[in-house]
Amino acid sequence: MVEHSSQEGPGAAPGETPATADHMTADQLSADQDADQRAEADRLRAAAQAGKPGAYRAYAELLTDRDRLDEALPWWARAADAGDADASRTLAICHKDRGEFAEAERWYRTAADRDGGCAFGLARLLQEAGDTAGAETWYAHGAALGSVECKTNGAVLLAARGEWDTALERLAEASAEGDEVATRTRRAIQDMLRDLAGWREALARAQAEGDPEEAYEALRDLLDPDRKAMFERYPRMVAEAEALYAGAAAVGSAKALVDQALFIARDDSRWDEARALVVRAHELGYDGAAYVLGVWAEENGELHTAEEWYRKADEADGGHLWACFNLGVLCLRQRRLDEAERWLRATGVDEENGDPFDESEGRIVKALEDIAAIRADPERMPPAEWAERLPELRTRAEEGGPDAWCAYADALMRLYRLPEAAEWYRKAGTPRALLGLGRMLHERGGAKGLRMVPYYEPAAAEGDAGAAYDIGRVHDEAGDRRTAQIWFRRAADLGHGRAAWWLGRTSEERGGDPQHAERWYVRAARSGLVPPAFLAGRSMVRRGACAEAEPLLRAACEGDHQEAPYWLAQALRGLGRTEEAERWLRVAAAAYPETLRQYGDMSRLAIPDPR
């Protein structure tokens, strides 16, 4: 469900009648409309300052509709303090979109005890923060106040932990009240429970017959990719799937052990248990287990171990296509190009005979093309100067301590000797070394996911902006935007430009808050990044701050940003420097066809034609 504000802005300021407009220029019309809007704003501001009933809210709505949220927030606050629950909710949403979660919670709580919308927003906020108990409490309170959204979401939380009957009963009530989300959710849960009953019955038949293969086949649909969302939304179904596969494994299915492990591995605290099950499946003779262990080792940055398991998978299977592919990619990342090519060609796919419409074959062909490109480009091969320095650095490492070990690891990393570099980074164990290890494994070694976060945390705790940014990026890739926003904010406060850029883009695109976005773009531009300099400058021109915009847009032009000349021209025109403006408009006009070509035809809707 998507939270939204129920704001209704005031009607547009009256313009000229069509008959009058026929005799006026566009500039005259614009000037008259601006005058009307200013008059309306002055009237509402005066009423708000006088404390007239409803005026706080009306003036806040006008400012919000005109993207002047900074000025609107104090008036929303006055309306909320006067008892306007929707104003409290609006304030909470604005602060939440800005990543100011404590302030958002404060405003929700000012009215959550008496307003279903605020109770709903507070419950969602707590749920996103991992406070499921708090979320359930406020969904229940909001439902008691009449919020059907709270009733639906509260029911979903009950279903998530397996209280199916109660959840279905409450969803039926919400559906009867007209909530389409409740209707669809109830139907989905009923279908899911029907499927679960079917899997249980099929497994029971296979167990009665003592047939391991039939037991495994009975559960094949559980791993259908289309069911991924079901397991994410209803964690109880993860436990149900685990139990079913445990039942199939008890009949003697080694394959079922692997799939049971896949569900167990969703819980980081049970990682060792999951891996032990897959090792057992391998010992029982299931060839696919070795491949799974290779993938897990690679994702965790255990490069030696990954290679060993992939080789076992290939040997056991008499030619495992994806084990060969992954081995080829592992060798490619380490610049063991001859080995990489041998493994990739062992798949049976080549550049000449590959099916261009087969995604799997396309990945193999692309990897072969990468090998050729690296061979042709000396800059992408291990640098000779670091190879020459390596013996000296090795001697220092053997005689020295953590700093020398980390320096030696850095050199090995530059030479693409990744497994050796990992050993020395781990031996050093300092925040800097762990940061280097995490980045190497993530960017060069194929590791991924939240398991990389502990490598970055010690450096982030010491104030390393890049480490904080890396943590934000990992959470963003995992789909946890709240945690990502918290870490990007820390990184930006430490001076990280790309983190500030992310915050600005998120504020503008997700929150519709151009003023807040502009501040982040300015901070990002200070780090030398061209795109946010352009975005900040364009924002300033749009609100009439042409003098502030000019240096930013000049920096963007110097950085060859294609849209910047047009907006620089608009800034100069706003400053009354029309000759300069014309020169930049001509630059923009000359580049316009190429800009459209690069951005695509749809860009015509967003990029003004300077011609």
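What you see is a predicted model; the values in this text were computed from it and never measured.
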> Among all residues two or more places apart in sequence or in another chain, which pass the side chain to side chain contact (heavy atoms under 4.5 Å, CB included) test with D338?
Replying inline: R342, R375
> In terms of side-chain geometry, is the basic nitrogen of R124 or E128 positioned less than 4.0 Å from the acidic oxygen of its partner?
Replying inline: yes
> Around E594, counting heavy atoms of other residues, nucleotides and ligands shown, do more than 12 lie under 6.0 Å from its CD?
Replying inline: yes
> If you look at every heavy atom in A460 and W487, which pair is closest and at what distance?
Replying inline: CB-CZ3, 3.9 Å
> What residues, two or more places apart in sequence or in another chain, satisfy ring-ring contact (aromatic ring centres under 6.0 Å, His included) together with W386?
Replying inline: none
> In Å and rounded to the nearest 0.5 Å, what is the OH to CZ distance from Y425 to R432?
Replying inline: 7.0 Å
> When you check the gap from the basic side-chain N to the acidic O, do R311 and E307 get nearer than 4.0 Å?
Replying inline: yes
> In Å, rounded to the nearest 0.5 Å, how long is the span from CG of N300 to CG of L441?
Replying inline: 9.5 Å
> Got D464 and L435 here, is their nearest side-chain heavy-atom distance under 4.5 Å?
Replying inline: yes
>> Could you tell me if R451 sits above the aromatic ring of W271, with its cationic atom closer than 6.0 Å to the ring centre and no more than 45 degrees from the axis?
In response: yes
>> So does R380 get a backbone contact from the side chain of R335, meaning a donor-acceptor N/O pair under 3.5 Å?
In response: yes
> Within a strict 4.5 Å, meaning less than it, do heavy atoms of the R505 and L535 side chains meet?
Replying inline: no
> Tell me the salt bridge (charged side-chain N to carboxylate O under 4.0 Å, His left out) pairs involving residues 415-429, sequence neighbours left out?
Replying inline: R417-E420
>> Using a strict threshold of under 4.0 Å (side-chain N to carboxylate O), is an ion pair present between E341 and R345?
In response: yes
> Taking atom CG of L344 and atom CZ of R363, what is their separation to the nearest 0.5 Å?
Replying inline: 11.0 Å
> Around R439, counting heavy atoms of other residues, nucleotides and ligands shown, do more than 12 lie under 6.0 Å from its CZ?
Replying inline: yes
> Taking the side chain from R538 and the backbone from W567, do they hold a donor-acceptor pair closer than 3.5 Å?
Replying inline: no
> Is the shortest heavy-atom distance from the side chain of Y286 to the side chain of S253 under 4.5 Å?
Replying inline: no
> In Å and rounded to the nearest 0.5 Å, what is the CZ to CG distance from R186 to D179?
Replying inline: 13.0 Å
> So which heavy atom on A256 is nearest to which on A249, and how close?
Replying inline: CB-N, 3.7 Å
> Do I374 and L332 come within less than 4.5 Å of each other through their side chains, counting heavy atoms only?
Replying inline: yes
> Do D476 and W502 have side-chain atoms, one donor and one acceptor, less than 3.5 Å apart?
Replying inline: yes
> From L450 CG over to E477 CD, what is the distance, rounded to the nearest 0.5 angstrom?
Replying inline: 10.0 Å
>> Measuring centre to centre across the rings, with the benzene-like ring taken for any Trp, is Y592 within less than 6.0 Å of Y566?
In response: no
>> Minimum heavy-atom separation for G328 and A340, please, with both atom names.
In response: O-CB, 3.3 Å
> For R280, does the CZ atom have more than 12 heavy-atom neighbours from other residues, nucleotides or ligands under 6.0 Å away?
Replying inline: no
>> For E298, is there an ion pair with R333 - N to carboxylate O distance below 4.0 angstrom?
In response: yes
> W309: what forms a ring-ring contact (aromatic ring centres under 6.0 Å, His included) with it, not counting sequence neighbours?
Replying inline: H282
>> I'd like to know if the side chain of Y455 pairs up with that of D470 as donor and acceptor (distance under 3.5 Å, no hydrogens or angles considered).
In response: no
> Measuring from R236:CZ to M192:CE, what's the distance to the nearest 0.5 Å?
Replying inline: 11.0 Å
> What is the ring orientation for Y408 with W424, classed by angle as parallel under 30°, tilted 30 to 60°, or perpendicular over 60°?
Replying inline: perpendicular
> So, for G497 and L529, which heavy atoms are closest and what is the spacing to 0.1 Å?
Replying inline: C-CD1, 3.5 Å
>> Regarding E302 and R275, does a basic nitrogen lie under 4.0 Å from an acidic carboxylate oxygen?
In response: yes
> Do side-chain atoms of Y234 reach the backbone of I189 as a donor and acceptor pair under 3.5 angstrom?
Replying inline: no
>> Please determine whether a side-chain nitrogen of the Lys or Arg among E217 and R220 lies less than 4.0 Å from a carboxylate oxygen of the Asp or Glu.
In response: yes
>> Would you say T132 and R161 are linked by a side-chain donor-acceptor pair, where the criterion is simply a distance under 3.5 Å?
In response: no
Exercise answer: donor-acceptor pairs, residues 203-211 side-chain atoms, under 3.5 Å, sequence neighbours excluded:
residue	atom	partner	partner atom	Å
Q207	NE2	G247	O	3.4
D211	OD1	E213	N	3.1
D211	OD1	E214	N	3.1

>> Holding to ring-ring contact (aromatic ring centres under 6.0 Å, His included), I want the full list of residues that pass it with Y469, two or more places apart in sequence or in another chain.
In response: F488, H496
> For the residue pair Q562 and T595, what are the closest heavy atoms and their distance?
Replying inline: CB-OG1, 3.6 Å
> Do R194 and D191 sit within salt-bridge range, that is, some charged N less than 4.0 Å from a carboxylate O?
Replying inline: yes
>> How close do A484 and G472 get, counting heavy atoms only, and between which atoms?
In response: CB-O, 3.4 Å
>> For H320, run the ring pair (Phe, Tyr, Trp, His ring centres under 6.0 Å) check against Y310, Y291, W343 and tell me which one passes.
In response: Y291
